[in-house]
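In what follows, a single structure is set out as structure tokens and then discussed.
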Amino acid sequence: MTTLSSPFLLAITERGQFHQCTDLAGLDQAAATSTTGYIGFDMTAPSLHVGNLTQIMFLRRLQQAGGKPIVLLGGGTTRVGDPSGKEEMRQLLSEEQIASNAQSIRGCFEKFLSFGSAKSDAIMVDNSEWLLKLNYIDFLRDVGRHMSVNRMLTMDSVKLRLEREQPMSFIEFNYMVLQAYDFVELHRRYGCRLQMGGSDQWGNIVNGVDLGRRMDGAELFGLTQPLITTASGAKMGKTAQGAVWLNADMLSPYEYWQYWRNAEDADVGRFLKIFTDLPLYEIARLEALQGAEINDAKKVLATETTALLHGRAAALRAAEAARATFEQGAVSENLPTFPVTEDELAQSLRVAAAFVRAGLAASNGEAKRAIAAGSIKVNDAPVADENAALASADLRDGVIKLSLGKKKHALLRIAP
């Protein structure tokens, strides 16, 4: 591997975030002083999730090294839908849904990046600025003639669908052309020379590098990081209860803290490198802990990741809520809280339904299986009857504590 000198490439390599580069020596030279790089984010949901966090941290490392990050919102490409990693066409969203999602996720980036007018300050742009103004015939003549269909058919996003004889629409096939053109526009408008992404985006990124060379004679670079999975092979950011959202209104800081606290032992060191700013010597000390002490490293991981997203105060409140709940068996006000009406309790709300309401189980059937396995408690008392119901008598200072296993807790509180 090329001996690196640029602070950015050194940092992502040391932290296990490097996977592949179109021209490592060239990028190392370009990034030695400063470079502008971007990552695109389509607005398919009202919040980003932990799977997107790897990309946000990529941009953060670039800014920390003196580079200029561009957050590209896919107001145009979201209307098409990225086929990468999908076995069927994504649901097409309305213009109103895309606009609402874009507004909802904007604030997340401000937690990790510094925006402004200084040289290394991040900027946020939307590819709808240029994609929605394109004339189709002109686009085919100016851009399409540089794109090889033969090559496009070899891209994983296309090839895997065709090999499995799964249909791929023409609109999806165009996605990689639009993504490649984004790079050309960002280079022309902002001098951007680097596109980054996960390893599943390699083909799309290479297309953009090639298109910039063909259309403008530009020397552009592509850089990817490994797709992050847990030590057991699970996809990063997915749990039995669904996605690990970054917006606090979709996942509380306490639940976010708990997600990281529940990391597998083998993942702690790797996650500390990628998802926190802790110095490497401190991470080395933490990942060397053995036995029960590894739990201390997990608490550091949970607190540091939560502090980056929700602020240090929220992270410390979450840590204290966990300590009070797990070490003292107390009911903490910082636990996730869900409303329940007095009428529902008066009519005997089933325990299984209550756990679904609180997001601790995905369905009544899952909750009943947890009861049968002895994993469910109400107010710290085990529940053995799958048809058990809650009542007003279960209220303790206006709340009912629900627990699934030792690590997942929530409160039901009488709605005002």
Check your understanding: Which pair of non-hydrogen atoms, one from L113 and one from Q63, has the smallest distance, and what is that distance?
Key -> CA-OE1, 3.5 Å
Point to revise | salt bridge (charged side-chain N to carboxylate O under 4.0 Å, His left out) against R350, all qualifying residues, sequence neighbours excluded | key: none
Check your understanding: If you look only at pairs with a residue in residues 7-24, which of them pass as a salt bridge (Lys or Arg N to Asp or Glu O under 4.0 Å), with sequence neighbours excluded?
Key -> none
Point to revise | Within-4.5 Å side-chain heavy-atom neighbours: L4 and F18 | key: no
Review point. Can you tell me if D267 and T230 form a side-chain donor-acceptor pair at under 3.5 Å?
Key: no
Practice item. State whether R323 and E320 are salt-bridged, where the test is any N-O pair (Lys NZ or Arg NE/NH1/NH2 against Asp/Glu carboxylate O) under 4.0 Å. Key: yes
Check your understanding: Aromatic ring centroids of Y38 and Y190 under 6.0 Å?
Key -> no
Practice item. Answer with yes or no whether the side chains of S128 and D126 bring together a donor and an acceptor at under 3.5 Å. Key: yes
Review point. How far apart are the closest heavy atoms of H49 and A243, and which atoms are they?
Key: CB-CB, 4.3 Å
Exercise for review: Please name the residue in the list L72, I56, T77 that meets the side-chain contact (heavy atoms from CB on, under 4.5 Å) test with F41.
Suggested key: I56
Exercise for review: Any pair with a residue in residues 105-123 that passes salt bridge (Lys or Arg N to Asp or Glu O under 4.0 Å), sequence neighbours left out, goes on the list, sorted by first then second residue, please.
Suggested key: none
Revision key, fill the gap. For residues 205-217, the salt bridge (Lys or Arg N to Asp or Glu O under 4.0 Å) pairs (sequence neighbours left out) are R151-D210, R188-D216, D210-R213, D210-R214
Check your understanding: So, for A361 and E366, which heavy atoms are closest and what is the spacing to 0.1 Å?
Key -> CA-OE2, 3.4 Å
Study note, to complete from the structure: Residues at least two apart in sequence or cross-chain that pass salt bridge (charged side-chain N to carboxylate O under 4.0 Å, His left out) with E95, listed by chain then number, are R79
Review point. Taking the inter-plane angle between the rings of F271 and W260 on a 0 to 90° scale, is it parallel (under 30°), tilted (30 to 60°) or perpendicular (over 60°)?
Key: perpendicular
Review point. Does any non-hydrogen side-chain atom of L308 lie less than 4.5 Å from one of M57?
Key: yes
Check your understanding: Measuring from K401:NZ to L411:CG, what's the distance to the nearest 0.5 Å?
Key -> 8.5 Å
Review point. Less than 4.5 Å apart, any side-chain heavy atom of F221 and any of V209?
Key: no
Check your understanding: Sub-3.5 Å donor-acceptor pair from the side chain of R145 to the main-chain atoms of R141, do we have one?
Key -> yes
Point to revise | Partner set under salt bridge (charged side-chain N to carboxylate O under 4.0 Å, His left out) for E282, not counting sequence neighbours | key: R285
Practice item. Determine whether I39 and V71 make a side-chain contact, defined as any pair of heavy atoms from C-beta on separated by less than 4.5 Å. Key: no
Point to revise | Between CD on residue Q64 and OG on residue S114, distance to nearest 0.5 Å | key: 11.5 Å
Point to revise | Closest heavy-atom pair and its distance - L402, A354 | key: CD1-O, 3.8 Å
Check your understanding: Can you find a pair of side-chain heavy atoms, one from F8 and one from L223, that are under 4.5 Å apart?
Key -> yes
**Study point:** Backbone N/O of D182 and side chain of N127: donor-acceptor pair under 3.5 Å
**Key:** no
Exercise for review: Please examine the side chains of V125 and L186, heavy atoms only from C-beta on, and report whether any two atoms are closer than 4.5 Å.
Suggested key: yes
**Study point:** side-chain hydrogen bond (donor to acceptor under 3.5 Å, both in side chains) partners of N101, counting only residues at least two apart
**Key:** none
Exercise for review: Taking side-chain hydrogen bond (donor to acceptor under 3.5 Å, both in side chains) as the test, write out the residues that go with T229, two or more places apart.
Suggested key: none
Check your understanding: Residues in salt bridge (charged side-chain N to carboxylate O under 4.0 Å, His left out) with E386, at least two apart?
Key -> none
Practice item. Report yes if some heavy atom in the side chain of T54 is under 4.5 Å from a heavy atom in the side chain of F275; otherwise report no. Key: yes
Revision key, fill the gap. Hits for side-chain hydrogen bond (donor to acceptor under 3.5 Å, both in side chains) against N207, two or more places apart or cross-chain, chain-then-number order -> none
Study note, to complete from the structure: The side-chain hydrogen bond (donor to acceptor under 3.5 Å, both in side chains) partners of T36 (sequence neighbours excluded) come to none
Review point. Any side-chain heavy atom of V206 within less than 4.5 Å of one from T22?
Key: yes
Review point. When you look at CD of E264, are more than 12 heavy atoms from neighbouring residues, nucleotides or ligands closer to it than 6.0 Å?
Key: yes
Review point. Does the N247 side chain pair with the main chain of P46, one donor and one acceptor, at a distance under 3.5 Å?
Key: yes
**Study point:** Euclidean distance, S5 OG relative to D28 CG, rounded to 0.5 Å
**Key:** 4.0 Å
Exercise for review: Begin from the C-alpha positions of D343 and T341 and carry the test side-chain hydrogen bond (donor to acceptor under 3.5 Å, both in side chains) through to its verdict.
Suggested key: CA-CA 5 Å; D343 286 345; T341 67; 5.3 Å; no
Exercise for review: Could you tell me whether the side chains of Q195 and Q201 share a donor-acceptor contact shorter than 3.5 Å?
Suggested key: no
**Study point:** Check ion pair R312-E304 (N to O, under 4.0 angstrom)
**Key:** yes
**Study point:** Pair listing, salt bridge (Lys or Arg N to Asp or Glu O under 4.0 Å) test, anchored in residues 52-72, at least two apart
**Key:** R60-D277, R61-D277
